[in-house]
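Letters go in sequence order (proteins before strands), and every chain restarts at 1.
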Amino acid sequence: MPKIEEYAPAAGRSAIEELKIIAARLKGKTILNVNSTAVGGGVAEILSRMLPMMTELGIKPRWELIKGGEDFYAVTKKFHNALHGTRQELTPADFQLYRDTLKANMETIDLDADIALIHDPQPAGLIDKKPAGARWVWRCHIDLSNRQSDVWDFLHGYVSRYDAAVISAPSFSQTLPIKQFQVPPSIDPLADKNKELSDAEVSDIMRRLEIPLDKPLITQVSRFDRLKDPLGVIEAFKKIQPYVTARLLLVGGSADDDPEGSQVLAEVRTAAEGNPDIMVLCLPPTSNIEINAIQRASTIILQKSLKEGFGLTVSEALWKGKPVIAGAVGGIPLQITHKYSGILTRTVDGTAYWMKRLLHEPAFAGKLGENGREHVRENFLLTRHLRDYLLLALYLESGKRDFIHL
Amino acid sequence: MPEGANDFAYWVTNTVQADRLGEELTSIDIVRYNSLADIRSAFVEMLERHLSENPGPQRTVAPGREFHFMRAIRFSLPTDCAAADYASFIECLKNVSVSSLYLHVFEARLRPPYGVDDFSHWFKTNFDDDKVGREISRLDPYSYTLESLRQRIIRVIERRLAEVKNA
């Protein structure tokens with residue numbers, strides 16, 4: 001794992017110094033994180049990088065996992081989808097299974113800590129066993145703006161008893177009797193997906209992947225999922241082909257274990273068929289360096305989502321200084337200010353128009369990428385994320401005052 | 001060029017698309033006000049005038065485009081930078097984060113002594129130099145990004161350092 005000092009070139013020296021000063025006020029405090037998985041998924045990815053940094057700063061982080069059978073995860077998966085706005089049928093037995101599983105976990109998980117960050121709905125019910133004197137925060141990574149009311153009403157009973165809740169964007173907030181804090185997620189600038197690569201490394205990888213660079217590359221990196229609108233991307237590209245010299249690259253997973261994904265991939269291949277300037281590439285999930293190189297080799301990056309959680313792939317692209325054209329959904333407008341740090345679109349035609357514009361105006365496109373990178377540096381790096389958590393811990397420890405001088 | 005001098009102006013211009021009101025909110029001369037209460041009154045007055053001049057059905061923004069009022073908690077913390085004279089002040093100013101500039105220039109004007117930023121106050125009380133303050137007060141911090149404001153202030157003090165040396 002990288003040391004904190006290694007983040008200075010990306011985050012800035014002052015960001016690192018700030019972290020040290022803030023952490024010194026929390027020296028020796030135990031910060032417990034509870035979620036449902038140690039690998040896979042954004043939460044586990046962030047915790048696995050952030051917790052060693054806490055240790056280096058003199059804080060004692062702990063990480064516990066909630067355990068349950070397949071039936072429990074089937075129920076929490078339904079919770080997750082319902083909170084995201086996809087209608088689910090929940091029975092009284094489902095809610096009872098949640099209560100029973102949480103009760104069993106309370107017997108086994110060590111919840112002793114000064115501060116606890118409880119991530120997402122799966123472990124939310126642990127609040128029943130909050131130790132006296134501890135400060136507990138419910139960290140919600142889900143966009144709750146279209147949540148299904150029965151699931152939210154159920155969770156509300158737990159969440160209301162926390163000391164604070166944390167959400168990723170203001171529009172995700174709900175009516176709660178506790179304070180809600182905005183802490184957006186982050187990218188790790190030193191992870192394989194985002195670290196600096198030399199031109200030679202990029203060229204080598206592009207050669208290995210057989211992606212020609214004789215024309216400007218327009219890329220969308222995304223699962224083959226209807227909500228990422230890969231067919232809309234192809235339609236938009238076809239509209240500009242008579243006027244531009246460019247190649248479109250759609251990169252995603254193989255979707256072998258996902259029937260709907262396989263169906264979308266098949267439709268994408270059909271739409272791309274016979275068009276030599278449209279490439280469809282399936283990469284295994286471990287292809288972080290490859291994705292990094294592809295983004296760096298691209299002239300424009302697309303994220304034409306129709307629905308999105310926070311959409312951190314946008315920050316990953318902006319961090320590489322690339323002009324990004326993205327759907328104005330979920331957390332994307334927090335990452336892109338239209339025509340300043342990228343382009344926000346809502347339609348196929350709008351996406352086509354801006355691809356053409358950016359190809360024809362490289363200086364403007366370059367400025368968008370430059371501004372985007374600075375916006376990510378200030379707002380979406382792991383160091384800022386850690387700082388926000390530590391400040392929240394200090395706020396809760398300091399008696400919840402509005403002005404705090406350290 | 002970053003848009004919108006304040007969040008209200010940005011939202012009214014880009015989301016509500018009330019162009020005239022948006023322009024008025026953008027051009028509000030925040031430097032003129034010495035307290036947050038005065039700034040709040042100025043915004044309220046502007047909105048009330050807009051409503052009285054535009055009776056009839058009001059625009060409602062689409063779901064998801066609401067203005068979310070957020071409360072701020074302000075943390076301030078010491079840095080390693082401490083200035084003892086003009087030259088070291090310039091050095092510090094080059095190295096501190098822009099949030100430090102925000103605290104000492106923007107927020108400082110809204111707490112006692114009202115209307116004076118921390119930098120000007122320091123030069124006045126330690127070196128009896130009010131020229132730095134006069135120069136800085138002529139900069140409208142709301143019309144710069146924090147980075148370009150930093151460069152401006154550095155230039156003001158560099159010029160002043162040369163004058164003081166030659167005096």
Does a donor on one side chain and an acceptor on the other come within less than 3.5 Å for E18(A) and S97(B)?
yes
Has R40(B) got more than 12 heavy atoms of other residues, nucleotides or ligands less than 6.0 Å from its CZ?
no
Please determine whether the number of non-hydrogen atoms from other residues, nucleotides or ligands lying under 6.0 Å from atom CD of E23(B) exceeds 12.
no
Separation between NE2 of H338(A) and CG of N14(B), rounded to the nearest 0.5 Å:
9.0 Å
Does F75(B) form a side chain to side chain contact (heavy atoms under 4.5 Å, CB included) with Y395(A)? I'd like the steps, not just the answer.
CA-CA 9 Å; F75(B) 289 86; Y395(A) 170 76; 3.9 Å; yes
Atom CD of Q58(B) with >12 non-hydrogen neighbours under 6.0 angstrom:
yes
Give, for atom CZ of R71(B) and atom CD of Q180(A), the distance between the pair rounded to the nearest 0.5 Å.
12.5 Å
In Å, rounded to the nearest 0.5 Å, how long is the span from CZ of R111(B) to CZ of F403(A)?
9.0 Å
Atom pair CG (L19(A)) and CG (L77(B)), whose distance is rounded to the nearest 0.5 Å:
10.0 Å
What part of I21(A) gets within 4.5 angstrom of chain B, counting heavy atoms only: side chain, backbone, both, or neither?
side chain
Measure the NE2-OG distance between H68(B) and S171(A) for me, rounded to the nearest 0.5 Å.
5.0 Å
Considering residues, nucleotides and ligands other than K20(A), do more than 12 of their heavy atoms fall under 6.0 Å from its NZ?
yes
Neighbour count >12 (heavy atoms, 6.0 Å) for atom NE2, H84(A)
yes
Please flag which part of R13(A) lies under 4.5 Å from any non-hydrogen atom of chain B: side chain, backbone, both or neither.
neither
If we only count heavy atoms from C-beta on, is the E17(A) to D80(B) side-chain gap below 4.5 Å?
yes
Side chain from CB out, backbone as N, CA, C, O: work out which of these in S99(B) comes under 4.5 Å of a heavy atom of chain A, or both, or neither.
side chain
Rounded distance (nearest 0.5 Å) linking atom CD1 of I73(B) with atom NZ of K179(A):
6.0 Å
Do other residues, nucleotides or ligands put more than 12 heavy atoms under 6.0 Å from R65(B) CZ?
no
Would the number of heavy atoms belonging to other residues, nucleotides or ligands and lying under 6.0 Å from OH of Y102(B) be above 12?
no
